[in-house]
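Computed from a prediction, not measured in an experiment: that's the story for all the values here. Worth knowing before you read on, the calculation uses all heavy atoms, side chains too, and leaves out hydrogens, waters and symmetry mates.
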Amino acid sequence: MIRRTAALICLLAAAFPAAALAQPKVTLLPGVTYEKGVQFTPHGAVAIHVITAPKPGGLYAFGPAIARNTVVGGKERVTEIQRDVSTQATVAGINGDLYNWNDSHPTGIYMEGGVLKHPPSAGRSSIGVDSTGLLHVDRVKFFGTWKGTGQRRPLNGLNQAPANGQVVLFTPAWGTATPRVANAAEVVLQPFPATAPNVDLTGPVTAIATGGGTAIPPDGAVLMAVGTMAPKLQAEAPVGTAIASRMILQPTWTGVTDALGGGPVLVRNGKAVFRSLEDFTSDQISPRNPRAGVGQTADGRILLVAVDGRQPGYSVGMSTFELAQTLVRLGAVTASAVDSGGSVTVAFDGQLLNRPSDPGGERPVKEALLVKYFGVYAPPPTQGLVTATSASRGEELTYKIVRPSTVTATLASPDGTSNILESEAAKQPGVYKFGWSTFDVEGTWRFDVLAVDDQGGQSTFQRTFQYDLTLSNLRVPRTAKQKQGLAVKFTLSRAARVALRVETKLGTIVKTLPAAQLPAGEGTLRWDGKITGKTRAFPGAYVARVLATSEVGKMDLSAPFTLRK
C-alpha cells in the first residue's frame with residue numbers, strides 16, 4: 001500500500017531545481033513522514049528516501065533492534081526484524097551497522113534499554129540515544145575489569161570470541177552457550193546483573209568449566225579466560241567467590257540508553273564532515289554506492305536517510321560526503337552513516353520501501369535502526385476508492401494497539417453521520433478489524449480511532465476512503481498503434497472535469513492531456529501517441545489513467561495497454 005501511495009519528492013531542489021520530481025510526503029504515523037526523491041545529476045539519477053520522526057519521548061522511541069535477539073546466531077532482513085517487534089510497536093527504519101560475515105556479530109557497539117550487549121569499535125563512530133531523546137555520535141572506547149580473590153584484572157571484551165591472553169564476559173545476549181575454545185577456563189556467574197556500563201557488577205561463581213560450550217544461564221553470565229589468563233581465572237575464581245566486574249565506556253555517555261555502531265561521522269555542529277579520519281578505507285567511503293545514515297535536527301527531530309545505488313538508469317548512489325551534504329540540507333546538526341552497499345534498506349512495519357541493490361533483493365543484516373510508535377495505528381483501508389464495481393467487496397477497516405487500551409472507533413459518512421464501531425472498549429494488544437459495506441452516500445468517509453493505554457498515553461489515528469460513482473465502465477483497448485494513438489471510453493454519472501494521463505508500468509508520467517469539462521453520459525478521450533510535438537512514444541507497455549473531478553471529489557480509474565508500431 002505504501003508503494004502505491006508513496007510520493008516522489010525533490011530533496012535537493014536547491015542544487016538541481018530543473019532536474020527534480022516532487023509530490024507530497026506520505027504520513028506513516030502521527031508526526032512520522034516518508035518521502036522519496038529522485039534527483040538527476042551529471043553522474044545519473046539518484047533515488048533518496050527520507051523518514052522524519054519527532055524527537056524521542058512519550059509515545060515515540062528510537063533505537064536499534066538486533067536479529068534473532070542475540071549477538072550471534074544469524075541475520076534477518078530489516079522487514080523481518082520489524083515484524084519481530086511489531087507486537088511491541090509500529091516501526092519505521094533503516095538497516096544498522098556493519099556485521100561480521102562469518103558469525104553475524106555486530107562490528108560496533110550494541111546497547112538496548114541501558115544494557116550493553118557488545119562493545120564499541122574504538123576506530124569508528126558509535127551512535128547513541130540518551131533518555132532525553134538526544135542523538136550522540138562519538139568515538140567511544142571500551143575498558144573492562146574483573147576481580148576475584150586476587151587483584152583487579154583487565155576484562156578484554158563482552159560477547160565476542162576471545163583472543164589468546166584475553167578474558168571475555170558472555171551474557172544471554174550472546175546466545176545459549178559460550179563458543180568452544182580449546183584450553184579455555186570458564187566460571188559460571190549466577191545470578192548476574194544486567195550489563196549496564198560504568199557500574200560495578202557482582203555475581204557469585206556457581207560452577208567452573210573448560211573448553212567452552214558452557215550453558216549461559218538466563219539470569220547469569222560466564223567469564224572465559226584464554227591462554228596465560230586461564231590459570232589466573234581458575235586460581236582466583238573458585239566456586240563461591242564473588243566476582244566483581246565493570247564495563248567502562250569512554251566517554252562515559254551518561255544517560256545514553258540505546259546505541260549501535262556506525263560511522264563515519266557525517267555532520268558535526270551543522271556542518272558536513274569531509275574527512276572523519278575513522279577506520280574506513282577509501283573504497284568504503286568515496287565511491288557512489290547505496291548509502292544510509294541517521295541525523296537529528298536542531299529541534300530534536302530524527303532523520304533516517306537512505307540512498308539507492310548500483311542501479312544505472314534508476315539510481316547511481318552517493319559518496320559518503322554527498323550523503324553528509326544531503327543531511328545538512330535536510331537540517332541535520334548531528335549525523336552518522338551506517339552500513340552501506342547491499343545492506344541499505346528502508347522499511348515501514350515490515351514493508352520494504354526502497355530498491356536494495358543486491359540481485360536477490362533485500363539482504364539479511366544483523367541490526368535495524370528503528371523509530372518506534374506505541375500509539376494506535378490504522379493501516380490504509382483495503383480500498384482507498386470504492387467504485388460501482390468494487391462496492392460489493394466492502395471495505396475492511398483495521399487498527400492495531402500494542403498496549404492494553406480503551407478504544408473508541410467511529411466511521412463518519414460524508415453527510416456527517418457517525419457510525420460507532422467501538423465505544424470505550426477495553427482491548428488487549430492486537431489487531432482488530434471491521435467490515436463495512438453500507439455505502440449510501442458518495443464522498444469521503446472517515447475512520448477515526450482513539451485509544452488511551454494503560455500508561456495514560458492518548459493517541460488517535462485517522463484514515464479516509466472515497467465512495468464515488470462518478471466514473472465507471474472504463475474501456476481501454478488492449479493494444480494501440482503508435483501512429484493512430486489511443487481512444488479511451490468511459491461513463492460519467494454526473495458532470496465532471498476529466499483528464500487522460502498516460503504512464504509507464506512503474507508510474508512515470510509520459511503524457512497528461514488537458515482536462516475537459518464533460519456532461520453526464522458516455523465520454524471519450526483520445527491520445528495521439530505523441531509525447532511532445534512530433535515525438536512519438538516508444539512502443540511498449542503503458543497504463544491509461546482517467547482522472548475525474550466532480551462535486552463529490554476526485555477519483556481515477558486505470559487500465560493497461562500496449563503501444564505498437
Item to check | For the student: nearest non-hydrogen atoms of Ala347 and Thr79, plus distance | outcome: CB-CG2, 3.8 Å
Item to check | Smallest separation among heavy atoms of Leu385 and Ser390, with atom names | outcome: O-OG, 3.9 Å
Item to check | Shortest non-hydrogen contact from Pro64 toward Asp258 | outcome: CD-CB, 3.8 Å
Next on the checklist: Between Arg545 and Asp556 (salt bridge meaning N to carboxylate O under 4.0 Å), is one present in this structure?
Outcome noted: yes
Checklist entry - Side-chain contact, heavy-atom cut-off 4.5 Å: Gln296 with Ile302? => result yes
Checklist entry - Hey, is the main chain of Tyr110 close enough, under 3.5 Å, to the side chain of Glu367 for a donor-acceptor pair? => result no
Checklist entry - Between the main-chain N or O of Lys117 and the side-chain N or O of Glu112, is there a donor-acceptor pair closer than 3.5 Å? => result no
Checklist entry - Does a side chain donor of either Arg497 or Thr549 reach within less than 3.5 Å of an acceptor in the other side chain? => result no
Next on the checklist: Restricting to non-hydrogen atoms, name the atom on Thr464 and the atom on Arg446 that form the minimum distance, rounded to 0.1 Å.
Outcome noted: CG2-CG, 3.9 Å
Next on the checklist: Let's go through Tyr99 and Val365 carefully: what are the C-alpha distance in whole Å and the side-chain angles of both, what is the deciding distance for side-chain contact (heavy atoms from CB on, under 4.5 Å) to 0.1 Å, and is it a yes or a no?
Outcome noted: CA-CA 7 Å; Tyr99 52 90; Val365 296; 4.0 Å; yes
Checklist entry - For the residue pair Val498 and Leu492, what are the closest heavy atoms and their distance? => result CG2-CD1, 3.9 Å
Next on the checklist: Checking the side chain of Gln383 only, and the main-chain atoms of Phe465 only, is there a donor and an acceptor separated by less than 3.5 Å?
Outcome noted: no
Checklist entry - Would you say Thr408's side chain and Glu424's backbone share a donor-acceptor pair under 3.5 angstrom? => result yes
Checklist entry - Heavy atoms, side chains only, cut-off 4.5 Å: are Leu59 and Arg403 in contact? => result yes
Checklist entry - Checking side-chain contact (heavy atoms from CB on, under 4.5 Å) for the pair Val32/Tyr60: CA distance, chi angles, key distance, verdict? => result CA-CA 10 Å; Val32 180; Tyr60 301 87; 4.0 Å; yes
Next on the checklist: One pair to check against side-chain contact (heavy atoms from CB on, under 4.5 Å): Val26 and Thr33. What are the steps and the verdict?
Outcome noted: CA-CA 6 Å; Val26 174; Thr33 61; over 6 Å; no
Next on the checklist: Show, in sequence, the C-alpha distance, side-chain angles and deciding distance for Gln466 and Thr444, and conclude whether the side-chain hydrogen bond (donor to acceptor under 3.5 Å, both in side chains) test is met.
Outcome noted: CA-CA 4 Å; Gln466 188 172 337; Thr444 300; 4.8 Å; no
Next on the checklist: Using a 3.5 Å distance criterion without hydrogens, assess whether the side chain of Arg83 forms a donor-acceptor pair with backbone atoms of Gly350.
Outcome noted: yes
Item to check | Reported CG-to-CG distance for the pair Leu304 and Leu330, which is rounded to 0.5 angstrom | outcome: 11.5 Å
Checklist outcome for this item: For Val376 and Tyr373 the tightest heavy-atom approach is O-CE2, 3.4 Å
Next on the checklist: Are Pro290 and Asp308 packed together at the side-chain level, in the sense that at least one heavy-atom pair is separated by less than 4.5 angstrom?
Outcome noted: no
Next on the checklist: Between Val344 and Val307, is there a side-chain heavy-atom distance shorter than 4.5 Å?
Outcome noted: no
Item to check | Arg77 vs Thr345 side-chain heavy atoms within contact, under 4.5 Å | outcome: no
Next on the checklist: Please report the interatomic distance CD(Glu442) to CG(Leu469), rounded to the nearest 0.5 Å.
Outcome noted: 4.0 Å
Checklist outcome for this item: One should read off an interatomic distance between Arg494 CZ and Ser550 OG, to the nearest 0.5 angstrom, of 5.0 Å
Checklist entry - Got a donor-acceptor contact below 3.5 angstrom from the Asn354 side chain to the Val346 backbone? => result yes
Next on the checklist: Taking Ala537's backbone N and O only, do any of them form a donor-acceptor pair with Gln482's side chain (distance below 3.5 Å, no angle check)?
Outcome noted: yes
Checklist entry - Is a side-chain donor or acceptor of Arg301 paired with a backbone partner of Gly295 at a separation under 3.5 angstrom? => result no
Next on the checklist: Could you walk me through whether Arg463 and Leu397 satisfy the side-chain contact (heavy atoms from CB on, under 4.5 Å) test, starting with their C-alpha distance in whole Å, then the side-chain angles of each, then the deciding distance to 0.1 Å, before giving a yes or no?
Outcome noted: CA-CA 9 Å; Arg463 289 291 188 185; Leu397 306 170; over 6 Å; no
Item to check | Contacts of type side-chain contact (heavy atoms from CB on, under 4.5 Å), residue Lys433, not counting sequence neighbours | outcome: Glu396, Thr398, Val431
Checklist outcome for this item: Sorted by chain and residue number, the ring pair (Phe, Tyr, Trp, His ring centres under 6.0 Å) partners of Tyr467 (sequence neighbours excluded) come out as Phe439
Next on the checklist: What I'd like to find out is whether the side chain of Pro381 reaches to under 4.5 Å of the side chain of Trp445, using heavy atoms alone.
Outcome noted: no
Item to check | Separation between NZ of Lys25 and CD of Glu35, rounded to the nearest 0.5 Å | outcome: 4.5 Å
Checklist entry - Do Tyr542 and Val510 come close enough that some side-chain heavy atom pair is under 4.5 Å? => result yes
Item to check | Under 3.5 Å donor-acceptor, Ser405 side chain and Val407 backbone | outcome: no
Checklist entry - So, Tyr432 and Glu422: side-chain donor and acceptor under 3.5 Å apart, yes or no? => result no
Checklist entry - How are the rings of Phe561 and Trp527 set relative to one another: parallel (under 30°), tilted (30 to 60°) or perpendicular (over 60°)? => result perpendicular
Item to check | Polar side-chain atom of Glu76 near backbone of Arg68 as donor-acceptor pair, under 3.5 Å | outcome: yes
Item to check | Polar side chain donor-acceptor pair, Glu395 to Thr382, under 3.5 angstrom | outcome: yes
Checklist entry - Is there a side-chain contact between Arg291 and Ser340 (heavy atoms, below 4.5 Å)? => result yes
Checklist entry - Looking at OG of Ser493 and CG of Asp468, how far apart are the two atoms once the value is rounded to the nearest 0.5 Å? => result 7.0 Å
Checklist outcome for this item: CD (Gln484) and CZ (Arg526) are apart, to the nearest 0.5 Å, by 11.0 Å
Next on the checklist: I need the full list of salt bridge (charged side-chain N to carboxylate O under 4.0 Å, His left out) pairs touching residues 331-351, with sequence neighbours left out, sorted by first then second residue.
Outcome noted: Asp349-Lys400
